[in-house]
**Student:** 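The structure under discussion is supplied below as structure tokens; questions concerning it will follow.
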Amino acid sequence: MNNQLYTDVLVEVPGLQTDRTYQYQVPPRLAGILQFGHRVKVPFGKQKITGFVVGFNEQKAVPGVKEIIGLVDENPLFRAEQLTLARWLADYYFCSTVKALQSVIGPALKKTAARSVARLYSAVGPEQLPLLQEQLARSPKKLAVLETALQHPGLDKRALAAVSGASLPVINQLCAGGQLRVETELLARDPYPQYEAVRQAPVTLTTEQGRSVQAITAALQQGEHRVFMLHGVTGSGKTEVYLRCIEQVLSTGRQAITLVPEIALTPQMVRLYKARFGRAVAVLHSRMSDGERYDEWMRIDSGSAPVVLGVRSAILAPVPDPGLIIIDEEHEPSYKQEEAPRYHARAVALYRAQKNRGVLVLGSATPSLESYCRTLSGGEYTLLNMPCRVKGKNMPDVQLVDMRREVQSGNSGIFSLLLLQKLRSRLHNKEQAIIFLNRRGFKTLVVCRECGLVLKCPRCEISLTYHTDGRLRCHYCNYQVQALQRCPDCGSSQVGYFGTGTQRVEMELTAHLPGARILRMDADTTTRKGSHEQILAAFASGEADILVGTQMVAKGLDLPGVTLVGVINADSTLHMPDFRAGERTFQLLAQVAGRTGRGDEPGEVLIQTFTPEHYAVQAAARHNYQAFFYKELGLRKEMGYPPFAKMVRILVYGRDEAAVQQAAEKIRAQLDRFAEGLSGGRIMIIGPAPAPLARLKEDYRWHIILWSADYRQLRLVMQQFAQASHGTLPGKALKMSIDVDPMYTM
DNA sequence: AGCACGCCGACT
DNA sequence: GTCGGCGTGCTC
């Protein structure tokens with residue numbers, strides 16, 4: 001259908017960040033065969049590289065046009081919509097189109113030889129058996145094989161050998177001689193073959209669930225683009241709402257994508273979907289083999305799996321007509337890809353839903369500020385509230401312990417007296433407890449242990465970080481001040497640095513509670529695959545009294561035998577040098593506070609903190625999202641941070657610190673020049689400053705952060721910069737990354 | 001990424 | 001005088 005002579009190819013050259021296509025001549029032997037979406041081998045300079053066919057021409061555009069060498073795959077790998085999506089990604093996130101395309105068609109590129117079986121059939125019919133017996137009188141093994149093949153058609157080689165008692169070479173001879181016919185059958189890998197659709201007794205929806213389902217299905221029937229924010233506390237039954245809505249969208253002949261965070265995509269979750277939709281479900285997650293993912297991808301592409309359940313990258317799946325996209329736990333930072341293209345699955349979902357007149361449902365107990373503020377009056381999202389737990393379970397009691405008082409009364413240990421007392425009573429009653437250590441803080445954080453003051457940058461409201469040169473620095477703008485001996489607020493000399501590890505907690509716990517059986521779960525004890533589950537299983541079966549762990553225990557908090565959860569340092573994430581520190585602390589504490597007490601016993605939560613009056617801590621303790629939201633929103637507005645602005649972060653990194661700093665300074669000067677030429681909304685540019693993670697894997701890291709309420713202006717600056725730099729830096733040892741809407745500024 | 005072109009220092 | 005340093009630029 002295309003008698004085109006020339007083709008546009010998007011080339012894949014490492015180190016070359018270009019959105020240009022290159023024209024190649026179509027050799028006669030590929031005329032009529034070469035199609036849009038084909039992966040091809042092409043000459044490029046002196047090398048041979050791969051590229052993707054993205055267009056055709058009748059006319060030569062370049063005098064020295066070269067010829068395509070050949071096809072890499074038999075079939076095209078993508079359709080026009082997928083290229084459009086890749087182009088959007090490349091444009092929005094300032095990365096090369098090939099890189100974006102490679103992400104969009106990821107699994108298709110990793111095509112592994114599909115598993116197949118060679119089934120064997122006798123080439124002669126049973127009526128010829130007497131004749132065979134005569135012919136093969138001197139080859140009893142061959143005869144036995146053919147007789148077996150007649151009796152049991154369709155065995156594979158090994159089975160045929162076993163049943164007939166012959167060896168494999170005999171069978172191979174028969175195949176070669178044509179007496180056995182070989183049929184190759186492709187096996188589709190099904191990663192979850194054991195979960196088939198089972199009819200269940202229909203669940204009766206709560207009033208709130210019913211209302212939410214009705215609102216969403218009504219929109220689905222209208223076939224209009226809408227966005228719903230499903231704000232439901234943990235245990236309010238959001239999943240059932242999702243399943244009902246998917247049923248509805250399937251009935252209109254369209255498809256649904258559900259995204260869940262990595263840790264939530266457990267076998268139980270898959271079982272739930274498979275039980276409702278059976279083989280219609282395709283699952284995509286990072287622990288699958290390339291082959292399994294490829295098979296699921298193809299089932300999606302062909303339309304035979306209209307229900308997609310997966311992690312972040314599933315938002316790129318080749319679903320033909322996604323009428324419904326659901327993002328569960330939409331606030332989770334794992335939806336942001338931390339390598340190019342640095343996309344946020346929620347942003348991609350919004351794009352696809354808009355383009356496709358689809359419905360987007362964002363579910364969370366602790367919605368991101370970005371999303372929730374769009375439900376306010378005048379916003380474009382519709383809020384659906386589900387404030388109650390199903391079956392009338394109550395939220396657990398949360399108590400705050402002021403650690404400053406503990407210090408004042410002479411207890412400078414990790415544990416408050418109250419926590420120790422409660423732990424002892426749990427041990428006595430043979431109940432279990434979890435100690436949650438919010439460790440992801442910085443040892444270099446400066447805190448007054450008397451009044452709880454944390455030193456902050458006067459310009460950025462970001463916590464200052466202690467450097468070994470004795471100075472305190474802001475990792476946003478590079479503000480510096482000499483380290484203080486005394487607290488500037490209360491004059492106390494009890495100024496110290498934060499940092500408590502799980503090992504130390506475990507040790508001190510053993511000292512305080514001799515005889516208690518303690519399990520530790522953190523990055524050190526969960527290196528092996530599955531060790532995470534093993535530790536939780538051991539704890540669930542009562543092999544230990546206390547489980548000590550970091551973030552990752554948060555998902556194991558549903559254990560019914562647990563009646564106490566203790567949080568050691570609620571503050572440590574609070575004062576991370578990041579503008580989202582408060583939001584992340586609230587989300588974490590709210591999650592902890594919301595997850596216990598699912599058994600019959602009411603759960604109890606104890607949060608130790610140096611700043612009990614902090615709004616994020618207070619709101620989490622009271623299960624009050626609104627209180628947190630409005631306070632945080634006010635602060636963001638004051639500072640002009642997202643969601644009131646769009647933010648872009650440029651990170652420069654490399655082995656040579658001086659070169660890194662110099663390059664970062666050059667970039668800053670360049671950005672200033674680009675920004676100067678614009679009239680419009682103001683663009684804030686700070687840095688270059690050493691990134692909070694100033695050194696990572698041998699590389700020194702400096703960054704520049706830009707933000708503006710006027711996103712178009714910011715884009716104009718960035719577009720000029722991206723064009724000028726081509727995504728690369730002069731000097732071989734220097735690297736750069738551009739992060740649009742960064743989740744972390746570390 | 002490779003590989004060319006191109007303009008300044010120490011060698012036969 | 002030339003050989004070669006790797007800075008800058010291009011690859012259909």
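All heavy atoms count here, side chains included; hydrogens, waters and symmetry mates do not. Below, chains carry the letters A, B, ... as their sequence lines are ordered, and counting in each starts from 1. Worth saying up front: this structure is predicted, and the values here are computed from it rather than measured.
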**Student:** Take the protein atom NZ of Lys60(A) and the nucleotide atom P of dC12(C), then report the distance between them rounded to whole Å.
**Tutor:** 14 Å

**Student:** Which pairs with one or both residues in residues 67-79 of chain A pass side-chain hydrogen bond (donor to acceptor under 3.5 Å, both in side chains), sequence neighbours excluded?
**Tutor:** Arg39(A)-Asp73(A), Arg79(A)-Glu81(A), Arg79(A)-Asp301(A)

**Student:** Distance check needed: dT11(C) P versus Phe44(A) CZ, whole Å only.
**Tutor:** 8 Å

**Student:** Would you mind classifying the nucleic acid contact of Val65(A) as base, sugar-phosphate or nothing, using non-hydrogen atoms under 4.0 angstrom?
**Tutor:** sugar-phosphate

**Student:** Return the value, rounded to whole Å, for the distance between atom CD of Gln47(A) and atom P of dA4(B).
**Tutor:** 12 Å

**Student:** Out of dA4(B), dC12(C), dA1(B), which nucleotide sits closest to the side chain of Lys46(A)?
**Tutor:** dA4(B)

**Student:** Are the charged groups of Lys336(A) and Asp741(A) less than 4.0 angstrom apart, N to O?
**Tutor:** no

**Student:** Starting at atom CD of Gln23(A), determine the distance to atom P of dC10(C), rounded to an integer number of angstrom.
**Tutor:** 19 Å

**Student:** Ring centroids only, cut at 6.0 angstrom: are Phe44(A) and Tyr22(A) within range, meaning strictly under it?
**Tutor:** yes

**Student:** In whole Å, what is the span from the NZ atom of Lys48(A) to the P atom of dG2(B)?
**Tutor:** 15 Å

**Student:** Taking CZ from Arg20(A) and P from dG9(C), how many angstroms apart are they, rounded to a whole number?
**Tutor:** 14 Å

**Student:** Apply ring pair (Phe, Tyr, Trp, His ring centres under 6.0 Å) to Tyr92(A) and list each qualifying residue two or more places apart in sequence or on a separate chain.
**Tutor:** Trp88(A)

**Student:** Rounded off to whole Å, could you give me the CD1-to-C1' distance for the Ile49(A) and dA1(B) pair?
**Tutor:** 10 Å

**Student:** Give Pro63(A) one of three labels, base, sugar-phosphate or nothing, depending on what nucleic acid heavy atoms sit under 4.0 Å from its own.
**Tutor:** nothing

